[in-house]
**Student:** 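Here it is, the structure, as structure tokens.
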Amino acid sequence: MDKSQSLLGDAVFETHLKSLRDMPDWLIELKKEAWVRYKALPFPVRKNEMWRFAHVDGLALDDFVHDDTQGKRECELLICDCGADLNFSDDAHVGGKTLSEELAKAGVLFMPLELAIREHPELVRKHLFERMPDMGSEKYQALHVALFSTGVFLYVPRGVQVELPLQSVHSATREGGSVFPHTLVVAEEGASVTLFDIFRSSKENIRHFACAAADIYATAGANVRYRLVQAWSGNALAFHLNSATAGAQSVVDAITINIGGAHIRGEQHGRIIGKGGEVIMNSLSLARGKQEIDQRTLQTHDAEDGHSDLLYKNVLLDQAHTIFSGLIRVAEGAQRTDAYQTNRNLLLSPDAESDSLPGLEILANDVKCSHGSSTGQLDDEQLFYMLARGIPRRQAQELLVFGFFEEIIAKIGNPHMADYVRQLLQDSFSLQ
Amino acid sequence: MSLEISSLNVSIADKQILKDFNLTIPKGEVHAIMGPNGTGKSTLAKALAGHPDYTVNKGSALLDGEEIFGLEPDKVARKGLFMAFQYPVEIPGVSIANFIRAAVTARMNKEASDAFSATAYYKALYAKMDELKIPREFTARSVNEGFSGGEKKRCEILQMAMLRPKYAILDETDSGLDIDALRIVAEGVETMRGPDIGIVVITHYQRLLNYIKPDVVHVMYGGRIVKSGGPELALELEARGYGWVEKEFGALV
């Protein structure tokens, strides 16, 4: 680990700029501005409402460096029969299967982001960093922009239906290192696509920093299914700063699965900007050990007849801590909005803590909105029913926990992906 | 071989419900327990199954000679006691197939359960389902979730058939069973009936007994059995109601 490349010093950014190849001036400018912003912005404090309940001392970056040298391909992971996949290691594209000729001919693009910036600047520039969540992590957001070097660019032209899911895997392999994967999905009018975006570390215990952002745009009538699996090492500090924007009559259906990480901050901003747009935000987290999973969500309705539906479920073991803070914001004039928000927490240990802060801010007068939150233990009657069938207590508890997960897993919509997630949960759960 | 319950005293939240209750169910027989509401019929079922809300203050229950009080509920079940719930519990996210499989393998040693393939399991499951006329799609549904009363009963009977208990207690006290559900329970009991099982059907209404012919009928009142007889006792209860039971036995309890 080269200490001169600490995330706190300017040297790391200078090295990063030098490492960039053939990047356009507008991008370099964006990065320079972002670096200045990053340096100027303060680290989060708990007094800030957007960091309420969070252990902000876990967010320090002192121990992390960044290394721009090329990563090595280290994992082969294909969850299902994919249309194409992109494989990244330490923020470098290291392989994957390219799109079928048919999809390529139809104009679908699925490529490393830096390549897209060079080859399709007009398509990328329109949306790149256009709408970041801005939900408290602005400092880290700026760092992401300053230091990102690759990621996924997925573009589906008007009316094209991509049948098979696409997959990307982002691996971090360096102890003390940092990665800044960026995912940009643009689906034009009436297009349809599914992306599995998987984040993982090469070894279970490496301590590293990840600051990822995924930004999804569904234009009128488009349909995007986005499945994020966060399986970083148990010692990682990671940010996932995500945004989904739905145009008229379009659907963005996002699921986040949190399994790894020591400290995870997730921000998810769903925006409805076109009449009748729909954003679905589901999440499932298994928190264990001393893990903290801090999730903040925003459902912004800026257009009429929009629909948003959120369900965040957490299972907590040991001394784990989860935070859910969600807000539904309905703008004046976003009439006939239908918006729901639910957070459910299952506490399996007396030492675990889950905080829930649901909220509504409604400026229109003809809306249907509701929010709800519940925190509890396993249901005694369900447990007794299982015991009464001879199922041993431990196994009964496990079945009930997996039953709790299943509500989200069933929404994944792909049996291979669902099995992959079940297996990850099973592996993590049986560690106890 | 029998399930022998003697001097059983059970209370719930310090209120004594069963008072020196005695009953022996020999293998191969079907017994019906009838009685007015609030007389302790469901308490008997729950206490035998080991529900934590029910405190056994005194008494014993010997399952083929082995004491089951004091055992964890899952152990009692594995010893061979099955209770069909009056109100089966809904368990979202757990499929019937997985649930029953967990219950079946819990009765095997490690070797047998490792060797028990999915194919073998489904073969056995589907055979029972065909026998009980349960459509196969059923297995993918979550346990009891959104089921009709009849479907819940079907699910209980399927579990009983798969788990082959030595003794089964069917708690049908006052669940307001519709005729369909009633027939399902009755058919299930008739299918299972045989020399290797002792069955207790707990019911408030005589009409269940239109479909099941019990060997013995017991009348329960005030936390104990006050009268036992043949099937004709059920008909008497149907004809006369429970009023006479109170008159005749009220002073005793």
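Chain letters run A, B, ... following the sequence lines, proteins first and then strands; every chain starts at 1. Just so it is clear, the model here is predicted, and its values are computed rather than measured.
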**Student:** Which bit of B:Val143 comes within less than 4.5 Å of chain A, counting heavy atoms only: side chain, backbone, both or neither?
**Tutor:** side chain
**Student:** Between chain A and chain B, which N and O donor-acceptor pairs fall under 3.5 Å? A table would be great.
**Tutor:**
{"from": "A:Glu381", "atom 1": "OE1", "to": "B:His51", "atom 2": "NE2", "distance (Å)": "3.3"}
{"from": "A:Glu381", "atom 1": "OE2", "to": "B:His51", "atom 2": "NE2", "distance (Å)": "3.1"}
{"from": "A:Gln382", "atom 1": "NE2", "to": "B:Glu90", "atom 2": "O", "distance (Å)": "3.0"}
{"from": "A:Tyr385", "atom 1": "OH", "to": "B:Asn144", "atom 2": "ND2", "distance (Å)": "3.3"}
{"from": "A:Tyr385", "atom 1": "OH", "to": "B:Glu156", "atom 2": "OE2", "distance (Å)": "2.2"}
{"from": "A:Tyr385", "atom 1": "OH", "to": "B:Gln159", "atom 2": "NE2", "distance (Å)": "3.1"}
{"from": "A:Arg389", "atom 1": "O", "to": "B:Arg107", "atom 2": "NH1", "distance (Å)": "2.7"}
{"from": "A:Arg389", "atom 1": "O", "to": "B:Arg107", "atom 2": "NH2", "distance (Å)": "3.2"}
{"from": "A:Arg389", "atom 1": "NE", "to": "B:Gln159", "atom 2": "OE1", "distance (Å)": "2.5"}
{"from": "A:Arg389", "atom 1": "NH1", "to": "B:Met83", "atom 2": "O", "distance (Å)": "2.8"}
{"from": "A:Arg389", "atom 1": "NH2", "to": "B:Met83", "atom 2": "O", "distance (Å)": "2.9"}
{"from": "A:Arg389", "atom 1": "NH2", "to": "B:Glu156", "atom 2": "OE1", "distance (Å)": "2.8"}
{"from": "A:Gly390", "atom 1": "O", "to": "B:Arg78", "atom 2": "NH1", "distance (Å)": "2.9"}
{"from": "A:Arg393", "atom 1": "NH2", "to": "B:Glu72", "atom 2": "OE1", "distance (Å)": "3.1"}

**Student:** Return the minimal non-hydrogen interatomic distance between B:Ala77 and A:Gly390, and the atom names on each side.
**Tutor:** CB-N, 3.3 Å
**Student:** Quick one: list whatever passes salt bridge (Lys or Arg N to Asp or Glu O under 4.0 Å) with A:Glu292, sequence neighbours left out.
**Tutor:** none
**Student:** Could you work out, with side chain to side chain contact (heavy atoms under 4.5 Å, CB included) as the rule, every residue matching B:Pro73, not counting sequence neighbours?
**Tutor:** A:Phe384, A:Leu387
**Student:** Heavy-atom count around B:Met1 CE within 6.0 Å, excluding the residue itself: above 12?
**Tutor:** no
**Student:** For the interface with chain B, which of A:Gly403, A:Ala410, A:Ala388, A:Ala396 has the highest count of heavy-atom pairs at distances below 4.5 Å?
**Tutor:** A:Gly403
**Student:** Under 4.5 Å from any heavy atom of chain A, what part of B:Pro88 do you find: side chain, backbone, both or neither?
**Tutor:** both
**Student:** Of all heavy-atom pairs between B:Ala102 and A:Leu399, which one has the smallest distance, and what is that distance?
**Tutor:** CB-CD1, 3.7 Å
**Student:** Could you pull out all residues at least two apart from A:Thr194 that satisfy side chain to side chain donor-acceptor pair (under 3.5 Å)?
**Tutor:** A:Arg225
**Student:** What part of B:Ile91 is in contact with chain A, defined as an atom under 4.5 angstrom from a non-hydrogen atom: side chain, backbone, both or neither?
**Tutor:** both
